[in-house]
Structures are given as C-alpha cells and as structure tokens.
2 protein chains.
Amino acid sequence: MFQESVHAKAFQNYLEKADFPHTPQHLYDPIRYILSLSGKRIRPLLVLMGAELFDSSVVEQALPASAAIEFFHNFSLIHDDIMDVAPLRRGKPTVHQKWNDNVAILSGDALLIKAYQELAKCPIDKIPALLHLFNTTSLEVCEGQQFDMDFEERAQVSETAYIDMIRLKTSVLLGCALQMGAIVAGADERSQTLLYDFGVNLGIAFQLQDDILDVYGNPKSFGKQIGGDILSNKKTILFVKLQELISPTDQEELEYLLKQNIDSEPEKVDKMIGLYAKYDIQTLAIYQKEKFTTIAYEKLTEIQVEADKKEALFSLSDALMHRVQ
Amino acid sequence: MFQESVHAKAFQNYLEKADFPHTPQHLYDPIRYILSLSGKRIRPLLVLMGAELFDSSVVEQALPASAAIEFFHNFSLIHDDIMDVAPLRRGKPTVHQKWNDNVAILSGDALLIKAYQELAKCPIDKIPALLHLFNTTSLEVCEGQQFDMDFEERAQVSETAYIDMIRLKTSVLLGCALQMGAIVAGADERSQTLLYDFGVNLGIAFQLQDDILDVYGNPKSFGKQIGGDILSNKKTILFVKLQELISPTDQEELEYLLKQNIDSEPEKVDKMIGLYAKYDIQTLAIYQKEKFTTIAYEKLTEIQVEADKKEALFSLSDALMHRVQ
C-alpha cells in the first residue's frame, strides 16, 4: 500500500527476534500477548521514516528506537485499559481482563522498562538526546491520560483544554517517534523540531477526525459503532464546541440528554446530532481538523530535504487523513 | 550517627529542589506525598557512598543517580501497595488508599519516568552504562515482585527459589545503587562488580534478618508486630526451611496451622514457633544470614581502595545488620 511496507517488515522481523524470558510467566506472557495484537504499528513506522528522511543508510540503526516507541505505546494501552475498565482491545480481551489487574499493572511496568532497554541499544552517542526526548514525551502522555480522566468528572471543558489533552495523550508520541528517527539520522535541531511539530499537529488532526467520524463517519468504513461517543457522554471536539456555543434554552435539553441512556431515550444520538446541526458543529470541527492538518503539512514542507524524500510521509498522512492528493 | 549524614543532607536538599509541576494535581500530588513519607533513604545514600569510595570529588555529580534510585524505589512501593492491597505505608495511608487505584497506577508510572529523567541528568558520558544497569535492575525488581506474588499461591517454595526471589525483589536495587555511584566515579569494571555483589549479598542478608526478627526480634526495637509473618502465612526463610525439613507427621500440624487465624487458633504463633524450635530453624536461618553477610564483607574487602575509605560502608553495614565491631 505504502512505500513504507519495507519498514513494516523490518520492524516485524526485529520484533520477532525480541527475546522475552519465559519466567515469571505472568510477567512476560501478557507482554507477548499485547504485542501480538499487532495494531497498525504506525508509531514504529514513523521512527523509521523519520530516520530515512535524513539518511536512508541508518534505518536499521533506528530499529531499537522504533521498538522503544512501540513498547511504550503498548505499556500505556495495558495501563489505560485497567483505568478505563475496558474489556476489549483490538477485538480481544484486554490484559487485565484475560489475567487480572495485578498482572496488568506489573507486566505494564515491565514493558515500560523494556522500552528503555531498547533505548539503551541505540547508537551510543545518540542515547542522551533520545533519552531526554523519550522521558519528556512519556511524562506528557501520563499527564494527558490524567487530564482525560479528570475531564470525565468535569461538566465543562474548554476547547483549548480539550485540544491540549489530546496533544499530550496521543499526539506528542507521534512527534517523538519521528524526531527519534531524525536524531538517529543525525538531523540538525531545526529539522528535528519541524518534524516533531509535523507529527504532533498531524496527531491532533487525526484525533479530531476520529471524533468527527464517530458521529458523521460511514458505519462500514469507520469500524466502530456510530454515535458511541455520544452514548458514553465522551468529551470530544464536537461536544466541547457545542458546550461553548449552546444557548441557555438548549443547555437544558443537553443536560437532559446527558442523563439519558439508550433505554431511557432511544433517540439520544439523533437528538444530540440535532443539537450539533443547529450550531453547525460539524463544520466548525472540520475547520479545526483542517487547521491542524495544514500546520502539519506546512511543517513537513519547511524541512530542508529534497521533496521526493518527503513523499512517503505525505502519502502516509494523506492516507491517515483520508485525503486524496 | 554515621559519617554519611552529610550525604543524607545533600540528598535531602537535592530532593527539595526537585520541581514537580502542580497540574495535573492527581498525577503529581501522590508523588510529592510518597516522597515526603521519607523512610530511611538508604538507597540514595548507597549511590553517594559508592561514588565517594572511588572519588570523593564526584559525590555531587552522583545526586541525580541517587534520586533516580529513590524515585524508582518509591514507584515500586506505590505499585506494590496496590497489588498487595496494603492500607498503610510507613504508618500513613498508601497512595491507592488515600486517592484510588487509578491515581496510584498513573502516578507510579510517572514516578518511574521521573527516575529516568534523573538518569538523563547524570554526566553525559556515563549515561549509557547507567541506563543499562538501571534497566536490568528495574526489570529484575519486577520479576521479583511477580515471583513473590506467584509464591503466595504456591504451597511449596524451595529455599533456593525463595532466596532468588528476595535477591530480585529487594537486593539487586542495593547493588545497583552502589554500582551507579561507582560508575559516576569512573571505577573500573572489576571494582564495580565487587561493589555490586557487596550490595546484593548485604541485601539478601538484611532480608533474611528481617524474616528472623519477625519471629525472634525484640518487640520494642523491631517496630512491627512479632509473628506478623506467621499470622499471614508469609513465605519466609524460616517457613521454607521448615517445609524442607518437616516430617510427614508434623506436616499435618503445619497444614492445620496454615488454615487457622488468630481467632480460630489463638496459639497459632506459639505453635509455629514450637515447630521452628523442633527443627532448629532459627539456627539454620541465622547461619544463612551470616553466610550472605560474610560474602558481602569479603566482596567489600576485595575492592582495591585504601581501607579507611571503606569504613563508612562497613559501619553502615554493621548498623543494618545490628553488628557491633
């Protein structure tokens, strides 16, 4: 599908060679399990593409960094799933569901440490810079998860606070992945920052798009239940926009809807969509998504390497953002 | 009390300057809280003493490494307390008790990452070696905790398996602390290994002593309830020794006692002590404790630095092992 399929294979090979001990079984079996649920492997791919952008000869040297990012991501999934009491991940039982909370806590911890073990395998002169970036990002991801949980308890969340939360929780890791590749390739700091900003802004745009598709997506291609976010009263870009614009009269309707579930109010999703339509929320959300997409593309454009080297990243972005160029 | 009180103050100063953000509150308040419960700060002290042994001019440079060790230790306390459903830590509510499990999981994660942030502040040429040692040790501590939980479910645990579990769960971190100091001070590899082995063996001896004191200690100076391990059917060196030696007839008595609590059998502790006495378990356990203490002292003796430089470590060990020289 993309040029990067070579990288995907290289990463998969590297991962298969990763040697996890067999005892204690309850520590390492869950790690093998979560990593086998595969997913899209976007993040490790971004590390390799970030390296290739500046020096195609170092892609192999970036494999440990790509594993560090993938391990970190999977650690955060294991722990987030405990906190969110999520029964399923990628259609399979979550770790805490398949084993128990204690196993999920400890194997998550071990996987986070395994991520740092991969960092330690990176080219030795690059380790301090990689460690610094990885630490900052990892801590931001924890902050994002905490803000996300805090927001669940709050009635009102501003659009700025919401976007900052998704930036921390999901987007900085994409920026970090790309920049780690750039660091391994010895890119200059300005290029590193531009590539990081590309990743972060693309990540925000992607999350906003996910919010939009939850309501306005094609049920066949979206892969999740349409209106799921509405039914669970999730804070999304649509919801926080509506909260900012809603009139006092409609506010009453909104508060009523938030107290209902599918049984007490079978039309909850439709009525919420009605409110979104009244305030033209879809257009405003798409505008925001486009704004971050544009910033991302601008950052990538600004990087001083030959245009054809950027093609892979542009086409991956197009695919993620369902754009046709 | 010890010469190392200067180091204790230096570490405390460094810790007080550690700047944790104020938001998200539920992420950083628990970190401030657990670190404020102080404890003995033995581990960071060992880092500084490990550095001083080889080069007293670099002690200050070892402060970030000492914070990394203390942060890691407190991370493991937060997560272990969730897994053990422990209500109290150092006489105060545990993090999951004061807040909730989710807060404890996530703030623990953040504290582990903060430990790595301290590693990143170490002298840049020492970071790769420090990172490698810290990763190996951290993973071993997770393995130790998992074995400990596994052993709770098992009827039979061999002495070898038990000692290996305490080595992983508690002792390798002491060896790691000392070796990190040695790395910062630029010690040669053989000296590093000897110092590490000193720490690990001392750690095992200390844990064995803790097991022994739980039954045979002076209630006034031990600071915990005598017989607490017996009441909770905890695997200890005494228990695993007894299991190895017990006759089939006494095995029945043991199995009966294991099913009792303080209400159903008020003499559970005394009867268990009776069994220990019958097989001379106390003597055998003290023999093991002395064996590991002796190995530890031998390792420290072998290190090629002037004898007076080792005095601080010898006297700290004597104090920990309640020895009078």
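All values derive from a computational prediction rather than experimental measurement. Labels below follow one simple rule: chain letters A, B, ... track the order of the sequence lines, proteins then strands, and each chain is numbered from 1.
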task = Over all heavy atoms of both residues, which pair between A:Ala120 and B:Asn135 is shortest? Give the atoms and the distance, please.
result =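 It is CB-ND2, 3.8 Å.
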For B:Cys142 and A:Ile113 the tightest heavy-atom approach is SG-CD1, 3.7 Å
What's the separation between atom [atom1] in [X] and atom [atom2] in [Y], rounded to the nearest 0.5 Å?
X	Y	atom1	atom2	answer
A:Ile82	B:Asn102	CD1	CG	8.5 Å
B:Asp125	A:Asp125	CG	CG	13.0 Å
B:His132	A:Leu119	NE2	CG	14.0 Å
B:Gln145	A:His26	CD	NE2	14.0 Å
B:Gln117	A:Ser138	CD	OG	8.5 Å
B:Leu27	A:Asp150	CG	CG	9.0 Å

Carefully, step by step, assess B:Asp109 and A:Asp109 under the rule side-chain contact (heavy atoms from CB on, under 4.5 Å).
CA-CA 7 Å; B:Asp109 292 344; A:Asp109 292 344; 3.5 Å; yes
*Contacting region of B:Leu112 [heavy-atom separation from chain A under 4.5 Å]*: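 Only the side chain of B:Leu112 comes within 4.5 Å of chain A.
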Exercise. Check the surroundings of atom CD in A:Glu244: do more than 12 heavy atoms from other residues, nucleotides or ligands lie under 6.0 Å from it?
Key: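 Yes, enclosed.
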Counting heavy-atom pairs under 4.5 Å with chain A, the top scorer among B:Met149, B:Met83, B:Gln25 is B:Met83
Heavy-atom pairs under 4.5 Å with chain A are the metric here; pick the option from B:Ile127, B:Leu106, B:Leu131 that has the most.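 Most pairs with chain A among the choices: B:Leu106.
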The interface call for A:Ile124 against chain B, heavy-atom contacts under 4.5 Å, is both
Regarding B:Tyr28 and A:Gln146, is there a side-chain donor-to-acceptor distance under 3.5 Å anywhere?
no
So do A:Thr23 and B:Phe147 actually touch side chain to side chain, heavy atoms under 4.5 Å?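 Yes - at least one pair of side-chain heavy atoms lies under 4.5 Å apart.
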A:Tyr116 meets the ring-ring contact (aromatic ring centres under 6.0 Å, His included) criterion, sequence neighbours left out, with A:Phe134, B:Tyr116
